[in-house]
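In this text the structure is predicted, and so the values were computed from the model without any measurement. Numbered from 1 within each chain, the chains take letters A, B, ... in sequence-line order.
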There are 2 protein chains.
Amino acid sequence: MDDEHMETTRPKRSERRSSAQGATSVDVAADRATIQDVAKAAGVSNTSVSNYMNGRLERLGLETRARIADAVGRLGFKPNQAARQLKTGKTKGIALVVPSIVNPFNGQLVFAIEQAAVKAGYAVHLCNTMRDNAVEKRFLENLVGLGVSDLITIAPLSARKGFYRPQSDFSVVAIDADRSDLRLPRLDTINFNHEVAIDLAVEHLYELGHRRIAYVTDPMITYSRRKRLAGFKAAMANRGLQGDLVVLLDADHGARDIADAEMLEVGRSAAPEVLKLRPRPTAVVAFNDMIALGLLASFRQAGLSVPGDLSLVGIDDVWVSQLSYPALTTVRQPIEAMGAAAVDRIINHLAGAVGGGSDTLFLPELTVRETCGEPSS
Amino acid sequence: MDDEHMETTRPKRSERRSSAQGATSVDVAADRATIQDVAKAAGVSNTSVSNYMNGRLERLGLETRARIADAVGRLGFKPNQAARQLKTGKTKGIALVVPSIVNPFNGQLVFAIEQAAVKAGYAVHLCNTMRDNAVEKRFLENLVGLGVSDLITIAPLSARKGFYRPQSDFSVVAIDADRSDLRLPRLDTINFNHEVAIDLAVEHLYELGHRRIAYVTDPMITYSRRKRLAGFKAAMANRGLQGDLVVLLDADHGARDIADAEMLEVGRSAAPEVLKLRPRPTAVVAFNDMIALGLLASFRQAGLSVPGDLSLVGIDDVWVSQLSYPALTTVRQPIEAMGAAAVDRIINHLAGAVGGGSDTLFLPELTVRETCGEPSS
DNA sequence: TTATCGAGGTGTATCGTTACACTAACCAAG
DNA sequence: CTTGGTTAGTGTAACGATACACCTCGATAA
């Protein structure tokens, strides 16, 4: 076993000479066994091999079955999916369109979706759009060619603003979007009960004694942003409180926003605005955990103690929120369940159910950690 | 054998096209335009359409070109990739095998790879293995059927321990792996200069006056872990220092480990071990940022101040490390560049370069934030 | 006896695209 | 007038799997 053999292995056979003109690519395509090879090796017809591969065992005798199994194993036969798809027209692929997986919420959701899809035997085609409409369009057009017609999209902007509407009929499952926003013929939505979530957060603060509560969000227009804002107003009104709203308008936040650190920045720059409010709020609810964590860092730098001087609640319960100091109190979104549900809707579509029309709402759960206490003043 | 009664009623394409208009039913099986339809519509041969679609415009007259362009636009023709692939044997797909995208380092890397791949016109097939060998195996076997033979893998375990070696000839680009670990015929590696990274960290602490420095890592066996550990020992020895090593052996950390919060846990449980060391170290270098953040949280809970009582350096500079308090000093890994390089190697493979054999090493860069100061004692 | 049935197969057209081998003009040069 | 070379095409056989029609037995029923 010497380590000297650094020579690159060359394609062994299939010696073909073509025109020496141009960059003729190497025959990378390995000579993989075809169904015909297996049939020949097993001494049966290709139809029988096909039946075997597709589990139609009742049409095969025991001995034939064994001979085919043996040949398949010996040749390492894997059916060519391109040929299969060309003939059947069916695909086992799901497109997954997401602003950016670096955002921890999206990352966890994509992870959950991928796990569920793989379990169901589907391949996932991932696209991080960065909310770039052109990217999304190119991606979806490619998918049409690939025969993929089922799409899961996360937090799309409303139809007018950006969602690319493919002319061919995709079945779409939208997470964090409103049915009336994306006017699509075959749409399922998966959402989170934002109103209840906000109410849970406000209720928690209310019980601790807080009466002056601010809400911090950013100017993007997604379903969750609208719903949470409305939910906050309602939660406050229901308790006879007046909400101090801080909506941060970030200049370079209009188009290419989203991801990771930028969301933190939103929270950071919102902190001074919160502190300017009079009377000063004793608690803050943030649109999501990332903004909350940005606020937290900024409050700390301003010499304020959380929860000593100010209580803070986030929403989502992404995994980073347990990492801050103090650990963030937040409202949990059941990410895994939502991802699994999305895949489930897709599978139902493909199983032949009529064009989907379901709206699923998941329930929030308060996760109490360390950023809330009784009001100081 | 040959009989004349081969007449089977074969539906013509023209018949399949039912122009149902009105509120009858949804056009469920929307049959997409084929190259033949376009040829007919443009009054040319399918070969000419094929040439047009593949940019071989020099074989087309100006007028023909325009007629085809028009027909393609009118019919919304998108080539069927399954048919194309079946004929050519080529795919524009890259498999991406990663333990879990929830881990922020992997998430950022996958993001970078996806962006680079899309830019180059490649589809990405993502698989979060959770280091489950069976999952990885199933995934890769499916890909063989899909004609994908190019694979990017992140932080695979060494060959013996787990990396699934596909029998068919994949071209593999491994990020965070050693050439000698995965004995594969066509392998490129993309790595980070771990020794220099650690040296940068130790140097930074040394300059601040630290002489007693501990290193915290976890027991998994990956390339980066081995290299960083060795690098730490070397960096200490070169400065005439003795390193206090803390290797945490976490029981339920053996097999299904990795992701997000769990890495934090490693840091958390390592903190008491660090504080037990005598003489007590004045600074700690962590294997990566996540462990460092876990340590940070735990030190704080123990009533210690960072960097007052103890300095701390991480490695990677994942985006979360700027979120902690105090913000983490770390050594930056050029994630975007590494992702782009990985895709570049794949494309070179497909462009016909002989079976890849390159090892690329990226350089670290110290990112000074707030967790390091002069030693207290 | 003949008809019928089902189990266990076989043969081949077909999916949509590209590769390849042609051809039909036209033009320039020997 | 051939010969040869472009230019701008055309016709058709693959690629590998599946669907479907068909076939051949032996057993069972009428």
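Taking atom CZ on A:R32 and atom C1' on D:dC15, their separation rounds to 12 Å, with Å as the unit. The distance between atom CG of B:L146 and atom P of D:dG16, rounded to the nearest whole Å, is 15 Å. The distance between atom NZ of A:K78 and atom C1' of D:dA17, rounded to the nearest whole Å, is 15 Å. Summarising the geometry, the separation between CE on B:M53 and C1' on C:dA19 is reported as 18 Å, rounded to the nearest angstrom. In this entry the distance linking CG of A:N80 with P of D:dA14 reads 18 Å, nearest Å. Protein atom CG of A:N51 is 10 Å distant from nucleotide atom P of C:dG9, rounded to whole Å. Summarising the geometry, the separation between CG on A:L86 and C1' on C:dG16 is reported as 5 Å, rounded to the nearest angstrom. In this structure, CZ of A:R59 is placed 13 Å from P of C:dT10, rounded to the nearest angstrom.
Remark: the backbone N or O of B:P99 is not paired with any side-chain donor or acceptor of B:R131 at under 3.5 angstrom. Here the side chain of A:R32 pairs a donor or acceptor atom with the backbone of B:V144 at under 3.5 angstrom. Remark: the backbone N or O of B:V173 is not paired with any side-chain donor or acceptor of B:D188 at under 3.5 angstrom. A donor-acceptor contact shorter than 3.5 Å is absent between the side chain of A:R179 and the backbone of A:T189.
Using a 4.0 Å heavy-atom criterion, one finds that A:E58 contacts the sugar-phosphate atoms exclusively. At the heavy-atom level, B:Y52 lies nowhere under 4.0 Å from the strands shown. If you check every strand for non-hydrogen atoms under 4.0 Å, A:V44 touches sugar and phosphate atoms only. Among the atoms of the strands shown, base atoms are found under 4.0 Å from some heavy atom of A:N46.
Of the candidates C:dT17, C:dT18, C:dG11, C:dT17 carries the atom nearest the B:T34 side chain, counting heavy atoms from C-beta on. Looking at the side chain of A:T64, the nearest of the listed nucleotides D:dT10, C:dG9, C:dT18 is C:dG9. Among the nucleotides C:dT10, C:dG16, D:dT10, the one closest to the side chain of B:A83 is C:dG16. Taking only side-chain atoms of B:S48, from C-beta outward, the nucleotide of C:dT10, D:dG9, C:dT17 with the closest atom is D:dG9. Between C:dG9, C:dA19, D:dT10, one nucleotide has an atom nearer to the side chain of B:K87 than all others, and that is C:dA19. Ranking C:dG11, C:dT17, C:dT10 by closeness to the B:Q36 side chain, first place goes to C:dT17.
Using a 4.0 Å cut-off, some side-chain N or O of A:N54 falls inside it from OP1 or OP2 of D:dT18. Considering only side-chain N and O atoms, A:R84 lies under 4.0 angstrom from the phosphate OP1 or OP2 of D:dT18.
Ranked by how close their nearest DNA chain C nucleotide is to the 5' end, B:R56 and B:A82 are led by B:A82.
Applying the 3.5 Å distance criterion, the base of D:dA19 shares a donor-acceptor pair with the side chain of A:T47.
B:Q85 places none of its side-chain heavy atoms less than 4.5 Å from the side chain of B:K90. Using a 4.5 Å cut-off on side-chain heavy atoms (C-beta onward), A:V49 and A:I35 make contact.
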